[in-house]
Amino acid sequence: MWRTTIPVALLLGGCITPLELPEVRPEAGLREDWMTPRTPDGESLTSIAGLADDARLVALVELALESNPDLVQTAYRLRESGALLGEVAARRWPAGELAVSQSRGRQADGGSSASSTTSLGLDISWEVDVWGRLADQVREADSRHRALEADYLAASNSLAARTLQTALRRISLSRQLEIEATRVASLEATLEIVRERFRIGLGAITDWDASQSELATTQATVEGLHESVRQTDRDLAVLLGDLNLEPQEDLSRLPDMAVLEISLPRVSLPAEVLAARPDVAAARQRLLASGAAVSAARKALLPSFTLSGNFTQAGPGLDEALKADPVWSLLGNLAAPLFNRKALLSEHEASRYRQHEAAWAYRAVLL
């Protein structure tokens, strides 16, 4: 059997055209001046929330990062990916199963005595990764996990920025509302003066109409600002993941923003800055994952070599089985795809198309 299987396997493997994967250059070191803007005190910023030197805004950002439903879903997808990465990596190691079985039967000659047998068995199997197919699957899973990490970082940064933007809009609306409310009070006092002048015959009816119109317009502006404040509070509640959130009444005074001192290099914007963006990193990792998937699909057409072993002890009872002489066997199996080869070729072709799709997606992100 070995003399027949090996030539056939080599013949099938020889029909596969090696795939030329694009070379990926190693990442260049990032300049510190580009990556770590510092405050006048010399401290580095570790998050977007550090831009606001205000405890209220920082607390809102931290609450959003903990409770936003979309970000929490992304976090669980990242954890799921990490668990699946461990499952894929475990395929490269031997798998073993321990089995205990007991059987009871009677002799075929019609005897009255019945016998029982207890068996202890250990089955071990290991697929030898001769071609590196399992290693490619691990690389694919690892790249997809890294892409999800970059997605989570990008989502966190975006959520923090939107939370800060919404909170600052709430503060701006509150300040505008205070100004317009003061203006309404001033116009009401002016209207009273105009009315008194008109009553004693010193003013014209047009002055009275103009004052009333300006007061009504300002009051409408105040009502519009009140609605904008309520809408902003609802937007902020959605970002924070709590629709029962109380109105942000304390967001009425302007915050203190951190003043950054960034030392920019004299050269133009380098490619390393693009590489530091989370969305670019995620697209690049997905491209690497698609390349590993193509390699794994190609190697699935090659023969696979599996080692399996069995270790068994049997006896009338458990004690006797443990004392019995073990029986073991070792088997080497070389298998090559034959009847399902067309399906594997189709999967290989589809994986190449997915790789081209990932390459163009990477290009789109760069653009």
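The first residue in the sequence is number 1, and the count goes up from there.
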Worked check of side chain to side chain contact (heavy atoms under 4.5 Å, CB included) between Glu127 and Arg133: CA-CA 10 Å; Glu127 180 180 352; Arg133 179 178 63 87; 2.5 Å; yes
Check the pair Glu180 / His226 against side chain to side chain contact (heavy atoms under 4.5 Å, CB included), numbers first and verdict last. CA-CA 11 Å; Glu180 292 300 325; His226 276 298; over 6 Å; no
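Using a 4.5 Å cut-off on side-chain heavy atoms (C-beta onward), Thr221 and Leu225 make contact. In this structure the side chain of Pro278 reaches within 4.5 angstrom of the side chain of Asn157, judged on heavy atoms. Two residues are said to be in side-chain contact when any heavy atoms from C-beta on lie closer than 4.5 Å; Glu140 and Asp136 fail this criterion. Using a 4.5 Å heavy-atom cutoff, the side chains of Ile193 and Glu196 are not in contact.
A side-chain donor from one of Arg234 and Gln231 sits under 3.5 Å from a side-chain acceptor of the other. If you check the side chains of Ser172 and Gln176, you find a donor sitting under 3.5 Å from an acceptor. Donor-acceptor pairing under 3.5 Å is recorded for the side chains of Glu349 and Tyr353. A donor and an acceptor atom, one from each side chain of Thr312 and Asn310, are located under 3.5 Å apart.
Atom-to-atom distance recorded for Leu153:CG and Leu148:CG is 12.5 Å, nearest 0.5 angstrom. Rounding to the nearest 0.5 Å places CZ of Arg170 at 10.5 Å from CZ of Arg230. The CD1 atom of Ile124 sits 4.5 Å away from the CG atom of Leu122 when rounded to the nearest 0.5 Å. Expressed to the nearest 0.5 Å, how far CG of Leu63 lies from OG1 of Thr163 amounts to 9.0 Å. Atom-to-atom distance recorded for Gln285:CD and Ser290:OG is 11.0 Å, nearest 0.5 angstrom. Note: Thr232 OG1 to Gln165 CD = 10.5 Å, rounded to the nearest 0.5 Å.
In summary, of the residues considered (Leu60, Leu240, Asp235, Asp233), a side-chain contact (heavy atoms from CB on, under 4.5 Å) with Thr166 occurs for Asp235 alone. Looking at Arg139, Arg146, His145 one by one, the single match for side chain to side chain donor-acceptor pair (under 3.5 Å) with Asp142 turns out to be Arg146.
Checking side-chain atoms of Asn68 against main-chain N and O of Leu239 turns up a donor-acceptor pair under 3.5 Å. The backbone N or O of Arg77 lies less than 3.5 Å from no partner atom in the side chain of Ser81, so there is not a single donor-acceptor pair. For the pair Trp360 (side chain) and Gln355 (backbone), a donor-acceptor distance under 3.5 Å is absent. Side chain of Ser156 to main chain of Tyr152: a donor-acceptor pair is present (N/O by atom type, distance under 3.5 Å, no hydrogens or angles). Side-chain atoms of Ser295 never come within 3.5 Å of backbone atoms of Gly291 as a donor-acceptor pair (strictly under, hydrogens ignored). Trp131 places a side-chain N or O within 3.5 Å of a backbone atom of Pro303 that can act as its donor or acceptor partner.
Here the closest non-hydrogen pair linking Arg56 and Ile171 is NH2-CD1, 4.2 Å. The minimum heavy-atom distance between Leu98 and Gly121, with the atom names listed, is CD1-O, 3.3 Å. The two atoms that bring Trp126 and Trp93 nearest to each other are CD1-C, 3.9 Å, heavy atoms only. The minimum heavy-atom distance between Val222 and Ala181, with the atom names listed, is CG2-N, 4.3 Å. Scanning all heavy atoms of the two residues, the minimum distance from Val72 to Ser67 falls at CG2-C, 4.3 Å. Closest approach of Pro69 to Gly241, counting heavy atoms only: CD-CA, 3.9 Å.
By the criterion of side-chain heavy atoms lying less than 4.5 angstrom apart, applied directly or through intervening Ile, Leu, Val, Met, Phe, Trp or Tyr residues, Leu159 is grouped together with Leu78 in one hydrophobic cluster. Residues Val61 and Leu168 are members of one and the same hydrophobic cluster, defined by side-chain heavy-atom contacts under 4.5 angstrom among Ile, Leu, Val, Met, Phe, Trp and Tyr. Under the 4.5 Å side-chain contact rule for hydrophobic residues, Leu302 and Val128 share a cluster. Linking Ile, Leu, Val, Met, Phe, Trp and Tyr whenever their side-chain heavy atoms come within less than 4.5 Å puts Val229 and Val184 in one cluster. Linking Ile, Leu, Val, Met, Phe, Trp and Tyr residues whenever their side-chain heavy atoms come within less than 4.5 Å leaves Val138 and Leu288 in two separate clusters.
In terms of the side chain to side chain contact (heavy atoms under 4.5 Å, CB included) criterion, residue partners of Val280 (sequence neighbours excluded) are, by chain and number, Arg277, Tyr362, Val365, Leu366. Under the side chain to side chain contact (heavy atoms under 4.5 Å, CB included) criterion, Glu80 pairs with Leu84, not counting sequence neighbours.
Within 6.0 Å of atom CD in Glu357, 12 or fewer heavy atoms from other residues, nucleotides or ligands are found, so the atom counts as exposed in its surroundings. The local environment of CD in Glu97 is sparse, with at most 12 non-hydrogen atoms from other residues, nucleotides or ligands closer than 6.0 Å. In Arg91, the CZ atom is crowded: over 12 heavy atoms of neighbouring residues, nucleotides or ligands sit closer than 6.0 Å.
Residues Asp129 and Lys299 are not paired through a salt bridge, judged by the lack of any N-O separation under 4.0 Å between the basic side chain and the carboxylate.
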